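Encoded as structure tokens, the structure appears first; notes follow it.
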Amino acid sequence: MSHEEVIAAIKDRHAVRKYLDRAIPGEVRSVLDVEIERCNTDSGLSIRAFYDEPEGFQGGRTHYGNLRGVQNYFALVGQTGTDLDIDCGYYGQRLVILAQHLGLNTCWVGLSYNKTKVRSQMDSDEKLALVVALGYGENPGKPHPSKPVEKLGRVRVSDQMPPWFLAGLEMAALAPTALNQQKFSFDLEDNKVRAHKGIGSYTAVDLGIAQFHFEIGAAGAQWNWA
């Protein structure tokens, strides 16, 4: 994908909870599988895609999230570590945006799936962070409320945000988060950006998603993560 295509996919992507009974074509699966392999190589995670596997969203707590017709999903999996949830957010969103570009819809799911079934397909030393529902939605979803960018970031040595920092915050404002709370923030000092997560469930995953978005918005500028 080009940078412009990634931005377009970020803007077009919304959570979708109801899916059509339509298989994902083999050529689309192949593109996703190649990117999963790249993400795992880059991160050390063990992300997997499951296709035509509805049992992951049957029984248990699956009805709580109002999810219907899910037959495909990404399982975000890795070794237990301090950055596992952040990495799952970052690389999971990388896959979500590619899926959007390929014409698919997605939904981040923390609770409303059959954990027993999904975990049964993992190795014993792996941790399952959460999953992403995947498929062709009944509708494209709706935009979620976003915080103003001035509440998502600050510059420590100036009253003005550089254009690239503002662009990064604008992309981060479009990041999906648990309960749409957007409990993350970014500080800029001497061209170094420090990312902060808030307190609550899945805030580390949310931060990873927001960091992916921020990097897309701030691409091309001279800066580094602190």
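This is a predicted model, so every value here is computed, not measured.
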Using modelled atom types and a 3.5 Å cut-off, is there a donor and acceptor pairing between side-chain atoms of Asn72 and backbone atoms of Asp52? yes
Taking the side chain as every heavy atom from C-beta outward, state whether Gln211 and Phe184 have any atom pair closer than 4.5 Å. no
Would you please test Phe214 and Trp223 for side-chain contact (heavy atoms from CB on, under 4.5 Å) and show each step? CA-CA 12 Å; Phe214 184 94; Trp223 64 277; 3.7 Å; yes
Any link between Leu67 and Leu179 through a network of hydrophobic side chains (Ile, Leu, Val, Met, Phe, Trp, Tyr) touching at under 4.5 Å? no
What pairs with Lys11 under side chain to side chain contact (heavy atoms under 4.5 Å, CB included), at least two apart in sequence or on another chain? Ile7, Met171, Leu174
Check for a donor-acceptor pair, side chain of Ser185 on one end and backbone N or O of Gly153 on the other, with a separation under 3.5 Å. no
side-chain contact (heavy atoms from CB on, under 4.5 Å) evaluation trace for Leu134 with Leu32: CA-CA 11 Å; Leu134 176 70; Leu32 291 173; 4.1 Å; yes
Look at the aromatic rings of Tyr113 and Phe57 and report parallel, tilted or perpendicular, splitting at 30° and 60°. tilted
Name all residues meeting the side chain to side chain donor-acceptor pair (under 3.5 Å) criterion together with Arg13; count only those two or more places apart in sequence or in a different chain, and write none if there are none. Thr106
Least distance between heavy atoms, Ala210 atom then Ala175 atom: CA-CB, 3.9 Å
Determine whether Gln79 and Asp125 make a side-chain contact, defined as any pair of heavy atoms from C-beta on separated by less than 4.5 Å. yes
Compare every heavy atom of Val16 with every heavy atom of Cys107, then report the nearest pair and how far apart it is. CB-O, 3.1 Å
Give a yes or no on whether the backbone of Gly137 and the side-chain of Asn105 come within a donor-acceptor separation of less than 3.5 Å. yes
Check whether Val34 and Val31 end up in the same hydrophobic cluster, where Ile, Leu, Val, Met, Phe, Trp and Tyr are linked by side-chain heavy atoms less than 4.5 Å apart. no
What residues form a side chain to side chain contact (heavy atoms under 4.5 Å, CB included) with Asn224, not counting sequence neighbours? Lys192
Taken in chain and number order and not counting sequence neighbours, the residues that satisfy side chain to side chain contact (heavy atoms under 4.5 Å, CB included) with Ser120 are Lys117
Please name the pair of heavy atoms, one in Met122 and one in Ala75, separated by the smallest distance, quoted to 0.1 Å. CE-CB, 4.2 Å
Contact between Arg194 and Phe186 at the side-chain level, heavy atoms closer than 4.5 Å - yes or no? no
I'd like to check the side chain to side chain donor-acceptor pair (under 3.5 Å) partners of Gln93; sequence neighbours left out, ordered by chain and number. Trp108, His213
Can you find a pair of side-chain heavy atoms, one from Val77 and one from Leu45, that are under 4.5 Å apart? no
Could you name each residue pair satisfying side-chain hydrogen bond (donor to acceptor under 3.5 Å, both in side chains) that touches residues 32-50, not counting sequence neighbours? Asp33-Tyr51, Glu35-Arg38, Glu35-Arg94, Asp42-Arg94, Ser46-Glu126, Arg48-Glu126
Scan side-chain atoms only and decide if Glu215 and Trp225 contain a donor-acceptor pair under the 3.5 Å cut-off. yes
Looking only at heavy atoms, which two atoms of Val149 and Met161 are closest? And how far apart? O-CE, 4.3 Å
Check whether any side-chain N or O of Glu27 sits under 3.5 Å from a backbone N or O of Arg29 as a donor-acceptor pair, and report yes or no. no
Walk me through whether Ile97 and Met1 qualify under side-chain contact (heavy atoms from CB on, under 4.5 Å). CA-CA 10 Å; Ile97 295 307; Met1 285 188 293; 4.2 Å; yes
side-chain hydrogen bond (donor to acceptor under 3.5 Å, both in side chains) pairs, two or more places apart, involving residues 138-153: none
Within a strict 4.5 Å, meaning less than it, do heavy atoms of the Lys18 and Asn66 side chains meet? yes
Gap between atom CG of Asp83 and atom SG of Cys88 - 0.5 Å precision: 10.5 Å
Qualifying ring-ring contact (aromatic ring centres under 6.0 Å, His included) pairs, either residue in residues 1-40, two or more places apart: none
Who passes ring pair (Phe, Tyr, Trp, His ring centres under 6.0 Å) against Tyr90, sequence neighbours left out? Phe212
Can you list everything that forms a side chain to side chain donor-acceptor pair (under 3.5 Å) with Lys197? Sequence neighbours excluded, please. none
Step-by-step side-chain contact (heavy atoms from CB on, under 4.5 Å) determination, Val205 to Ile86: CA-CA 5 Å; Val205 175; Ile86 291 176; over 6 Å; no
Under a 4.5 Å cut-off applied to non-hydrogen side-chain atoms, are Ile209 and Pro176 in contact? yes
Enumerate the side-chain hydrogen bond (donor to acceptor under 3.5 Å, both in side chains) contacts for residues 163-181, please, sequence neighbours excluded, ordered by first and then second residue. Gln181-Lys183
Distance in Å, Thr203 OG1 paired with Gln182 CD, rounded so as to fall on 0.5 Å steps: 13.5 Å
Using side-chain heavy atoms (C-beta onward) and a distance below 4.5 Å, is Lys115 in contact with Leu111? yes
Do the side chains of Leu128 and Leu76 get nearer than 4.5 Å, heavy atoms only? no
Spacing of Leu98 atom CG and Glu5 atom CD [to the nearest 0.5 Å]: 10.5 Å
How would you list, by chain and number, every residue that makes a side chain to side chain donor-acceptor pair (under 3.5 Å) with Asp21, sequence neighbours excluded? Gln71
Grab the two heavy atoms, one from Ala195 and one from Leu207, that are nearest each other, plus how far apart they are. CB-CD1, 3.8 Å
Donor-acceptor contact present, side-chain Tyr202 to main-chain Gly110, <3.5 Å: yes
Less than 4.0 angstrom from a charged side-chain N to a carboxylate O is my criterion; do Arg154 and Asp187 meet it? yes
